[in-house]
There are 2 protein chains.
Amino acid sequence: MRESVTGPARAQRADARSNRAAILDAAQEVFGEGGESASTEEVARRAGVGIATVFRHFPTKSELLVEVLVQRFGRLRDRAAELTGDANPGEALFVMFTEIVTDAPGKIAIADALVDAGGVTGRAEQASQELSQAVDVLLRRAQQAGAIRADVGLPEFYALMVGMSRAGAHAQLDLEVRTRAQRVIFDGLTPAAATEDA
Amino acid sequence: MRESVTGPARAQRADARSNRAAILDAAQEVFGEGGESASTEEVARRAGVGIATVFRHFPTKSELLVEVLVQRFGRLRDRAAELTGDANPGEALFVMFTEIVTDAPGKIAIADALVDAGGVTGRAEQASQELSQAVDVLLRRAQQAGAIRADVGLPEFYALMVGMSRAGAHAQLDLEVRTRAQRVIFDGLTPAAATEDA
DNA sequence: GACTATACGGAGTCATCACTCCACTTGGCA
DNA sequence: TGCCAAGTGGAGTGATGACTCCGTATAGTC
């Protein structure tokens with residue numbers, strides 16, 4: 001896409017390409033750990049390049065963050081698509097829930113840093129929407145299979161997922177506690193659990 | 001307590017006392033809105049005092065944040081104690097859950113800012129523990145009354161609560177979505193919803 | 001009303017961080 | 001092997017924000 005706008009642009013040099021990859025990897029780590037407070041300089045150090053190089057590849061801290069997020073969302077979206085073929089739709093949804101929550105700590109730190117940097121661009125938003133659409137498909141399938149109560153929509157399912165993600169990301173929940181908390185949610189999502197009062 | 005350590009310390013001047021209060025109020029607002037990125041200068045402006053005055057009352061940004069948090073936790077703890085007398089223990093627990101989640105947006109921003117400022121001192125931690133103990137009492141009462149499944153402990157209950165708080169704080173959930181998500185959790189907390197597999 | 005300890009305001013200091021400039025290096029082609 | 005466009009590193013730069021210094025104002029007392 002970038003090429004189609006600026007023309008067929010001469011291919012990058014090999015060192016530039018590998019530096020770009022190293023920077024992205026380092027950024028994953030650094031922003032995943034340090035979140036908003038992590039500095040671009042630390043990314044450069046971890047990637048083994050100068051700061052200028054980071055800024056040449058990603059003109060802005062925001063753009064680097066966006067790229068990292070887009071990659072991460074993309075991976076999860078692919079995973080959701082994969083799970084759409086699963087024979088047990090209810091189980092598939094729960095697996096997805098768990099994977100997103102597990103993946104969350106780093107992602108959240110990065111997303112927060114991005115908000116902080118003021119740069120929630122279209123690209124990140126689009127990647128996030130693609131993921132939520134993929135999750136929506138999983139949710140509907142599970143409902144059609146009768147594994148999930150019908151009065152739950154994507155927004156509240158997402159709220160529950162984001163909630164568990166954030167709870168885990170900040171409070172460092174140990175696995176057992178998180179599992180038990182998720183069981184409560186999963187049980188609550190069951191058709192049998194639905195209560196009917198206003 | 002402060003007096004007992006430093007001696008009976010001559011009383012503060014009236015203007016100092018009211019400025020201190022104004023600063024705390026302003027800090028509630030400012031940090032509640034802006035979180036980590038809010039500046040002490042903004043607090044001073046909003047309180048109608050100079051920056052030096054803020055720093056005289058609270059020698060460090062951290063200490064100001066701690067004070068704000070302690071107040072907030074204290075208020076919720078009192079509310080929990082109040083609800084402990086409620087005739088319907090299950091309902092009381094849900095009310096507490098909802099109130100904590102509702103109160104959360106500002107509190108979370110402040111807590112995050114505090115972590116960011118690196119100063120989670122004993123005082124803030126203690127206030128937070130007092131709150132969780134008060135919630136624990138509510139939880140046990142509800143379990144004894146048979147309103148809540150027995151296999152749920154304070155940690156996972158807290159995880160669910162913190163999760164909803166954080167989901168709401170960051171994603172700006174509208175009331176209806178939050179209500180539906182909470183219903184899923186409440187239904188899942190019901191004894192009838194408990195599943196028994198490993 | 002005068003006096004002074006207490007408290008105040010805001011200009012200044014210092015550190016940090018995103019981002020730039022430019023002299024130097026190097027991949028890739030002839 | 002030599003050339004040079006493409007790429008690099010790191011010392012700046014400017015903005016921001018926590019915190020300090022000190023001359024001025026005022027609450028509270030006689």
Side-chain angles (χ1 to χ4, degrees), chain A residues 2-3 6-24 26-27 30-31 34-68 110 112-119 121, chain B residues 2-3 6-24 26-27 30-31 33-68 110 112-119:
Chain A
R2 192 177 313 128
E3 283 78 8
T6 51
R10 170 177 275 113
Q12 268 187 325
R13 242 165 63 174
D15 54 346
R17 230 175 306 124
S18 81
N19 273 339
R20 191 188 143 94
I23 291 166
L24 275 173
V30 172
F31 292 132
E36 30 268 343
S37 60
S39 73
T40 316
E41 213 154 338
E42 176 62 24
V43 173
R45 201 174 309 128
R46 194 92 58 113
V49 302
I51 330 159
T53 300
V54 175
F55 280 98
R56 194 164 320 101
H57 286 283
F58 306 94
T60 263
K61 191 184 186 183
S62 273
E63 284 179 60
L64 175 54
L65 288 165
V66 167
E67 198 59 37
V68 171
I110 294 164
D112 285 351
L114 182 57
V115 168
D116 212 63
T121 68
Chain B
R2 191 178 314 128
E3 284 78 7
T6 51
R10 168 177 278 111
Q12 269 187 324
R13 242 166 62 175
D15 55 346
R17 230 175 307 122
S18 82
N19 273 338
R20 191 188 142 95
I23 290 167
L24 275 173
V30 172
F31 292 132
E33 292 164 14
E36 30 270 344
S37 60
S39 74
T40 317
E41 212 154 337
E42 176 62 25
V43 173
R45 202 174 307 128
R46 194 93 56 112
V49 303
I51 329 158
T53 299
V54 174
F55 279 98
R56 195 166 319 102
H57 286 283
F58 306 93
T60 263
K61 192 184 185 183
S62 274
E63 285 180 59
L64 175 54
L65 288 165
V66 166
E67 199 58 38
V68 171
I110 294 163
D112 285 352
L114 182 58
V115 169
D116 213 63

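Residue numbers start from 1 in every chain, and the chains themselves are labelled A, B, ... in the order their sequence lines are given, proteins ahead of strands. For the numbers below, each heavy atom of this structure counts, side chains included, while hydrogens, waters and symmetry mates do not.
- Atoms OG and CD, from B/Ser37 and B/Glu42 in turn, are 10.5 Å apart once rounded to the nearest 0.5 Å.
- Note that the two end axes of the helix from C/dG1-D/dC30 to C/dA30-D/dT1 enclose an angle of 10°, each drawn from 5 base pairs, rounded to 10 degrees.
- With sequence neighbours excluded, the residues satisfying side-chain contact (heavy atoms from CB on, under 4.5 Å) with B/Glu63 are B/Pro59, B/Thr60.
- Between A/Ala44 and A/Val54, the shortest heavy-atom distance links the atoms CB-CG2, 3.7 Å.
- Atom C1' of nucleotide D/dG10 and atom CD of A/Glu42 are separated by 17 Å, given to the nearest angstrom.
- Within the structure, every side-chain polar atom (N or O) of B/Ser39 is placed at least 4.0 Å from both OP1 and OP2 of D/dG17.
- Scored by the salt bridge (Lys or Arg N to Asp or Glu O under 4.0 Å) test, B/Glu33 finds B/Arg46 as partners (sequence neighbours excluded).
- Phosphate proximity of C/dC8 to B/His57: present, with a side-chain N or O under 4.0 Å from OP1 or OP2.
- Atom CZ of A/Arg20 and atom P of D/dA6 are 18 Å apart (whole Å).
- Spacing between atom CD1 of A/Ile23 and atom P of C/dC19 amounts to 14 Å, rounded to whole angstrom units.
- Listed by chain and residue number, nothing satisfies the salt bridge (Lys or Arg N to Asp or Glu O under 4.0 Å) test with B/Arg56 (two or more places apart in sequence, or in another chain).
- For A/Arg17, there are no salt bridge (Lys or Arg N to Asp or Glu O under 4.0 Å) partners at least two apart in sequence or on another chain.
- Here the closest heavy-atom approach between residue B/Ala47 and residue B/Ala22 is recorded as CB-O, 3.7 Å.
- With sequence neighbours excluded, no residue satisfies side-chain contact (heavy atoms from CB on, under 4.5 Å) with A/Ser18.
- Separating the CD atom of B/Gln12 from the C1' atom of C/dA5 is a distance of 14 Å, rounded to the nearest angstrom.
- Qualifying side-chain contact (heavy atoms from CB on, under 4.5 Å) partners for A/Phe58, counting only residues two or more places apart in sequence or in other chains: A/Arg20, A/Ile23, A/Leu24, A/Leu64, A/Glu67.
- Remark: C1' of C/dA18 and CZ of A/Phe58 are 16 Å apart, rounded to the nearest angstrom.
- Heavy-atom distances to DNA chain C give each of A/Arg17 and B/Gly48 a nearest nucleotide, and the one nearer the 5′ end belongs to B/Gly48.
- An OP1 or OP2 oxygen of D/dT8 is reached within less than 4.0 angstrom by a side-chain nitrogen or oxygen of A/Asn19.
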Under 4.0 Å protein heavy-atom contacts per nucleotide of nucleotides 19-26 of chain D, with B for base, S for backbone only and - for none:
BBB----B
